[in-house]
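The block underneath contains the structure these notes are about, expressed in structure tokens.
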Amino acid sequence: QVQLVESGGGLVQPGGSLRLSCEASGFMLNYYAIGWFRQAPGREREGVSCISSKDGITNYADSVKGRFTISRDNAKNTVYLQMNSLKPEDTAVYYCAAALDRLLSTWYGATDYHYWGQGTQVTVSS
């Protein structure tokens with residue numbers, strides 16, 4: 001069964017850090033580009049970051065550049081999102097998703113991703 005499972009979300013104070021994990025089962029993550037998306041209440045799902053399959057090329061939304069880092073550990077079949085200097089506006093449900101690189105028109109296009117996790121809540125509040 002193909003599955004993506006996110007973990008690592010929680011409540012953190014502004015300026016704090018969290019590391020999200022996205023673990024795959026039923027398929028090998030290293031053959032896919034992996035994206036992180038987030039959705040806050042009343043807002044559309046937006047792309048946060050993406051890492052390509054072969055070259056490990058990374059992309060970030062302007063709102064998280066310099067604060068978030070995406071990485072992958074193929075041996076663990078897991079992709080991570082390290083989030084530092086968190087702000088209240090980062091509060092959202094975070095999802096990871098997998099797509100074949102050749103089928104991605106843009107890294108932040110949610111409709112190009114085939115597999116999705118169930119999401120993990122990140123709340124930044126004092």
Side-chain angles (χ1 to χ4, degrees):
Q1 181 181 359
V2 172
Q3 196 173 11
L4 288 171
V5 178
E6 302 96 336
S7 61
L11 173 64
V12 64
Q13 292 186 342
S17 298
L18 284 174
R19 188 177 79 158
L20 304 184
S21 299
C22 171
E23 184 174 4
S25 60
F27 70 105
M28 298 301 295
L29 268 186
N30 56 312
Y31 291 116
Y32 290 81
I34 304 300
W36 282 98
F37 292 78
R38 66 186 181 187
Q39 188 165 19
R43 301 189 65 176
E44 292 187 357
R45 190 169 297 189
E46 63 172 342
V48 175
S49 183
C50 177
I51 185 166
S52 67
S53 60
K54 293 183 179 180
D55 301 324
I57 295 172
T58 59
N59 289 281
Y60 297 93
D62 288 342
S63 58
V64 306
K65 279 181 182 176
R67 300 189 297 122
F68 291 10
T69 303
I70 191 171
S71 61
R72 64 194 308 154
D73 185 337
N74 290 333
K76 295 183 178 180
N77 218 26
T78 300
V79 169
Y80 303 98
L81 186 68
Q82 178 67 44
M83 306 187 298
N84 299 328
S85 302
L86 282 162
K87 304 175 181 180
E89 51 263 43
D90 295 318
T91 296
V93 178
Y94 283 71
Y95 302 87
C96 66
L100 293 172
D101 296 73
R102 60 184 172 84
L103 298 182
L104 277 179
S105 53
T106 62
W107 70 266
Y108 47 86
T111 56
D112 291 339
Y113 288 79
H114 315 296
Y115 306 124
W116 288 84
Q118 82 291 345
T120 185
Q121 176 70 47
V122 171
T123 302
V124 184
S125 175
S126 55

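Note that the coordinates shown come from a computational prediction; the quantities given were computed from them, not determined experimentally.
The backbone N or O of E6 lies less than 3.5 Å from no partner atom in the side chain of E23, so there is not a single donor-acceptor pair. Although no hydrogens or angles enter the test, the distance criterion places no donor-acceptor pair under 3.5 Å between the side chain of D55 and the main chain of I57. Using modelled atom types, one side-chain atom of T78 and one backbone atom of K76 make a donor-acceptor pair closer than 3.5 Å.
Two residues are said to be in side-chain contact when any heavy atoms from C-beta on lie closer than 4.5 Å; V2 and S25 fail this criterion. In this structure, the side chains of T91 and Q121 come closer than 4.5 Å at one or more pairs of heavy atoms. Two residues are said to be in side-chain contact when any heavy atoms from C-beta on lie closer than 4.5 Å; P14 and P88 meet this criterion. With a 4.5 Å cut-off on side-chain heavy atoms, W36 and C22 count as touching. Put simply, the side chain of N77 reaches to within 4.5 Å of the side chain of M28, judged on heavy atoms. R67 is listed as a side-chain neighbour of D90, based on a closest heavy-atom distance under 4.5 Å. Using a 4.5 Å cut-off on side-chain heavy atoms (C-beta onward), L20 and Y80 make no contact. A 4.5 Å side-chain heavy-atom check between F68 and Q82 finds every atom pair outside the cut-off.
Follow the hydrophobic side-chain contacts under 4.5 Å out from L11 and you never reach V93; the two are in separate clusters. Grouping the Ile, Leu, Val, Met, Phe, Trp and Tyr side chains by contacts below 4.5 angstrom, directly or via other members, places L29 with L100. Cluster membership check: Y31 shares its hydrophobic cluster with V79, using side-chain heavy-atom separations under 4.5 Å among Ile, Leu, Val, Met, Phe, Trp and Tyr.
Between A92 and A40, the shortest heavy-atom contact is CB-N, 3.8 Å. Minimum interatomic distance between V122 and G9 (heavy atoms only, all atoms of both residues): CG2-CA, 4.1 Å. Residues V5 and Q118 approach most closely at CA-OE1, 3.8 Å, considering heavy atoms. The two atoms that bring C50 and W107 nearest to each other are CB-CE3, 3.6 Å, heavy atoms only. Taking all atoms of both residues into account, the shortest heavy-atom contact from S49 to N59 is OG-O, 2.9 Å. Taking both residues in full, the closest heavy atoms of A98 and L4 are given as N-CD1, 3.9 Å, listed atom of the first, atom of the second, then distance.
A distance of 8.5 Å separates OG of S17 from CE of M83, quoted to the nearest 0.5 Å. Separating the CG atom in L86 from the OG1 atom in T123 is a distance of 10.5 Å, to the nearest 0.5 Å. Taken to the nearest 0.5 Å, the CG atom of N30 stands 6.5 Å off from the CZ atom of R72. Here L81 contributes atom CG and L18 contributes atom CG; the two are 10.0 Å apart, rounded to the nearest 0.5 Å. The OG1 atom of T69 sits 6.5 Å away from atom CG of N84, with the distance rounded to the nearest 0.5 Å.
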Verify salt bridge (charged side-chain N to carboxylate O under 4.0 Å, His left out) between K65 and D62, making sure each step is shown before the conclusion. CA-CA 5 Å; K65 279 181 182 176; D62 288 342; 3.2 Å; yes

**Study point:** Chi angles and distances behind the side-chain contact (heavy atoms from CB on, under 4.5 Å) call for V124, V12
**Key:** CA-CA 5 Å; V124 184; V12 64; 3.9 Å; yes

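Around OH of Y108, the count of heavy atoms belonging to other residues, nucleotides or ligands within 6.0 Å does not exceed 12. Within 6.0 Å of the CD atom in E89, the count of heavy atoms belonging to other residues, nucleotides or ligands exceeds 12.
Relative to the six-membered ring of Y94, R38 misses at least one condition, a distance below 6.0 Å or an angle of at most 45° to the axis.
For the 3.5 Å distance criterion, the side chains of D101 and S53 qualify, holding a donor opposite an acceptor.
Taking the ring centroids of Y113 and Y32, they lie at or beyond the 6.0 Å cut-off. Taking the six-membered ring for Trp and the full ring otherwise, the centers of F37 and W116 sit less than 6.0 Å from each other.
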